[in-house]
Amino acid sequence: MRKVIIIGSGPAGYTAAVYAARANLAPLMLTGLQAGGQLTLTTLVENYPGFPDGIQGPELMETMKKQAERFGTEMIAEDATAVDFRRQPFVVRAGDASYESHTVIIATGATAKLLGLDAETKLMGRGVSTCATCDGFFFKDQNIMVVGGGDSAMEEALFLSRLGRKVDVVHRRDRLRASKIMQERALKNPKIDFLWNSGVEDIMDVNQGKVTGVRLKNFKTGVVDERPVDGVFIAIGHQPNTQIFRGQIELLPNEYIKVVPGTTQTSVPGVFAAGDAQDHVYRQAVTAAATGCMAALEAERHLETALAR
Ligand code: NAP
């Protein structure tokens with residue numbers, strides 16, 4: 001029987017673990033098979049406080065992991081596959097085991113969205129990617145396309161411009177969603193071009209098992225044309241990793257976890273949600289860490305009252 005189980009190991013999960021462990025709650029963390037969350041797919045993180053020269057994403061996560069371990073967090077490298085929050089203690093299944101706990105902190109984060117094209121999944125890892133940091137190296141001196149108009153798309157395009165011959169950003173509108181500073185950097189980069197009001201209709205060539213080009217549609221003119229490219233990076237936002245919580249706690253229509261405003265409390269007392277799984281607005285490492293802290297403090301308070309009864 002556990003006092004706290006933390007599901008997920010991004011900034012929210014690790015921060016919750018540091019706080020819970022230091023409060024003597026002996027947390028059990030299910031890190032997931034791929035520990036560390038989205039920051040392990042990034043390069044330089046320049047906006048996490050305390051690192052005036054920035055820090056590499058994977059290094060930042062390794063540091064957080066060590067800090068959580070130092071205070072005695074037990075970590076299991078499994079994905080949680082099912083939960084039962086209808087009974088107390090709560091049950092969390094992972095691998096072949098079931099774990100029982102008085103409180104659960106959900107910190108499962110979010111995953112990159114895809115366009116929904118058949119070719120996109122077939123060519124994933126064969127020229128299609130959602131992570132420039134992971135795969136950019138394979139496209140040295142080649143022609144690259146980035147889809148999206150937000151900060152992620154600008155970040156991917158800027159990173160890829162250092163490796164590729166040319167980067168085309170395809171955006172469905174004529175205005176970017178990205179922050180001013182990221183827009184400016186991308187717009188003035190001589191290696192980055194923008195294809196406005198356009199979308200990817202298809203990616204070729206599934207038969208060859210590699211990306212050779214894309215079919216683009218201009219939504220304003222209706223013109224469809226094909227362009228040769230070697231790599232396509234999809235950067236159109238994220239989907240919260242909340243599937244296993246459907247029917248167990250209340251989710252918003254966009255499938256992010258609903259929490260009581262200003263807290264991490266979900267619809268089930270004793271179950272708390274931190275980080276991107278419950279945040280569709282800020283989605284920053286530092287806000288994830290902050291809500292991880294809140295979740296641990298709220299779990300501690302819940303245990304004090306619930307177990308005292
Ligand atoms: P986002 O802000 O939601 O932007 C997604 C972009 O993809 C939008 O431009 C959207 O177009 C486009 N899009 C969505 N679905 C699409 C589809 N099916 N087909 C084509 N285009 C589609 O997501 P994000 O860029 O991942 O950023 C998420 C959050 O993280 C933001 O708050 C952002 O500020 C933050 N972030 C910050 C940094 C940084 O500061 N360095 C880096 C990365 C992310 P529309 O514009 O038409 O909706």
Side-chain angles (χ1 to χ4, degrees), residues 10-12 37-49 51 53-58 60-61 109-121 124 128-134 136 145-162 167-187 189 192 194-203 214-220 224 227 229 232-241 252-256 275-291:
Q38 294 178 75
L39 280 191
T40 57
L41 310 176
T42 337
T43 44
L44 195 61
V45 179
E46 290 183 311
N47 50 12
Y48 197 86
F51 302 93
D53 301 319
I55 181 167
Q56 294 292 317
L60 178 58
M61 297 323 297
T111 303
K113 274 188 196 164
L114 296 176
L115 296 169
L117 303 170
D118 190 37
E120 175 187 45
T121 29
M124 188 60 68
V128 176
S129 171
T130 57
C131 174
T133 317
C134 319
M145 190 162 272
V146 173
V147 186
D151 277 326
S152 297
M154 297 310 105
E155 204 169 59
E156 301 279 87
L158 287 161
F159 178 77
L160 291 166
S161 71
R162 297 200 284 273
V167 179
D168 286 323
V169 175
V170 179
H171 183 37
R172 62 184 179 183
R173 292 187 296 139
D174 61 359
R175 209 172 306 153
L176 295 171
R177 180 179 294 280
S179 57
K180 270 275 168 298
I181 184 166
M182 298 296 278
Q183 287 197 28
E184 277 166 17
R185 282 185 197 167
L187 287 165
N189 186 311
I192 301 177
F194 287 83
L195 304 168
W196 303 105
N197 303 305
S198 299
V200 175
E201 284 210 325
D202 201 5
I203 306 172
V214 296
R215 193 162 73 235
L216 286 181
K217 180 168 186 175
N218 184 309
F219 301 129
K220 275 263 161 79
V224 175
R227 276 175 184 255
V229 288
V232 179
F233 287 79
I234 317 286
I236 59 167
H238 293 82
Q239 174 75 26
N241 300 321
L252 296 169
N254 60 9
E255 298 194 49
Y256 283 80
D276 286 14
Q278 55 83 52
D279 172 17
H280 53 98
V281 179
Y282 303 104
R283 294 183 278 196
Q284 303 300 301
V286 68
T287 48
T291 52

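Both ligands and their constituent atoms are indexed starting at 1 by order of listing. The basis for the numbers below is simple: all heavy atoms, side chains too, and nothing from hydrogens, waters or symmetry mates.
Gln239 pairs by the side-chain contact (heavy atoms from CB on, under 4.5 Å) definition with Lys113, Glu255, not counting sequence neighbours.
Within ligand 1, counting atoms from 1 as listed, the ones closer than 4.0 Å to a heavy atom of His171 are 9 (O), 11 (O), 45 (P), 46 (O), 47 (O). Listed by atom number, the atoms of ligand 1 under 4.0 Å from Tyr282 heavy atoms are 32 (O). Interface atoms of ligand 1 facing Leu115, defined by a heavy-atom separation under 4.0 Å, are 19 (N). The distance from ligand 1 to the heavy atoms of His238 drops below 4.0 Å at these ligand atoms: 26 (O). For ligand 1, the atoms sitting less than 4.0 Å from at least one non-hydrogen atom of Arg173 are 45 (P), 46 (O), 47 (O), numbered in the order shown with element in parentheses. Close contacts between ligand 1 and Val281 involve ligand atoms 32 (O) [criterion: under 4.0 Å to a heavy atom]. Every atom of ligand 1 is numbered from 1 in the order shown, and the set under 4.0 Å from a heavy atom of Asn47 is 40 (O).
The CG atom of Leu114 lies 7.0 Å from the CD1 atom of Ile236; values are rounded to the nearest 0.5 Å. For the atom pair CD of Gln183 and CZ of Arg175, the computed distance is 9.5 Å after rounding to the nearest 0.5 Å.
Looking from atom 35 (C) of ligand 1 to the surrounding protein, the closest heavy atom is Gln284 NE2, 3.2 Å. From the protein, the heavy atom lying nearest to atom 9 (O) of ligand 1 is Gly149 N, 3.0 Å. With hydrogens left out, the protein atom closest to atom 36 (N) of ligand 1 is Asp151 CB, 3.6 Å, a heavy atom. Of the protein's non-hydrogen atoms, Ile236 O, 3.3 Å is the one closest to atom 14 (C) of ligand 1. If you check which protein heavy atom lies closest to atom 29 (C) of ligand 1, you get Arg283 NE, 3.7 Å. For atom 8 (C) of ligand 1, the nearest protein heavy atom (residue, atom name, distance) is Arg177 NE, 3.7 Å. The protein atom (non-hydrogen) at minimum distance from atom 26 (O) of ligand 1 is Ser152 OG, 2.5 Å. Of the protein's heavy atoms, Arg172 NH2, 3.8 Å lies nearest to atom 10 (C) of ligand 1.
Under a 4.0 angstrom heavy-atom cut-off, Arg175 registers as lying outside contact with ligand 1. Residue contact check for ligand 1: Met154 places no non-hydrogen atom closer than 4.0 Å to it. At a 4.0 Å cut-off, not a single heavy atom of Val170 sits close enough to ligand 1 to count as contact.
Residue Thr287 comes nearest to Gln284 through the heavy atom pair OG1-O, 2.9 Å, listed as atom of the first residue, atom of the second, then distance. Shown here for Ser198 and Asn218, the closest heavy-atom pair between the two residues is OG-CA, 3.9 Å.
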If you apply the rule side-chain contact (heavy atoms from CB on, under 4.5 Å), what do you find for Leu187 with Phe194, and how did you get there? CA-CA 8 Å; Leu187 287 165; Phe194 287 83; 3.5 Å; yes
Between Val200 and Leu216, is the side-chain contact (heavy atoms from CB on, under 4.5 Å) condition met? List the steps. CA-CA 5 Å; Val200 175; Leu216 286 181; 3.8 Å; yes
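Considering only heavy atoms from C-beta on, Val146 stays 4.5 Å or farther from Met154 through its side chain. Side chains of Leu39 and Tyr48 form no contact here, defined as non-hydrogen atoms less than 4.5 Å apart.
Although no hydrogens or angles enter the test, the distance criterion places no donor-acceptor pair under 3.5 Å between the side chain of Asn197 and the main chain of Phe219. At least one donor-acceptor pair closer than 3.5 Å links the side chain of Thr291 to the backbone N or O of Gly275.
Considering Gly237, Ala178, Ala285 only, the shortest heavy-atom separation from atom 23 (O) of ligand 1 involves Gly237.
The aromatic rings of His280 and Tyr256 sit tilted, their planes meeting at an angle between 30° and 60°.
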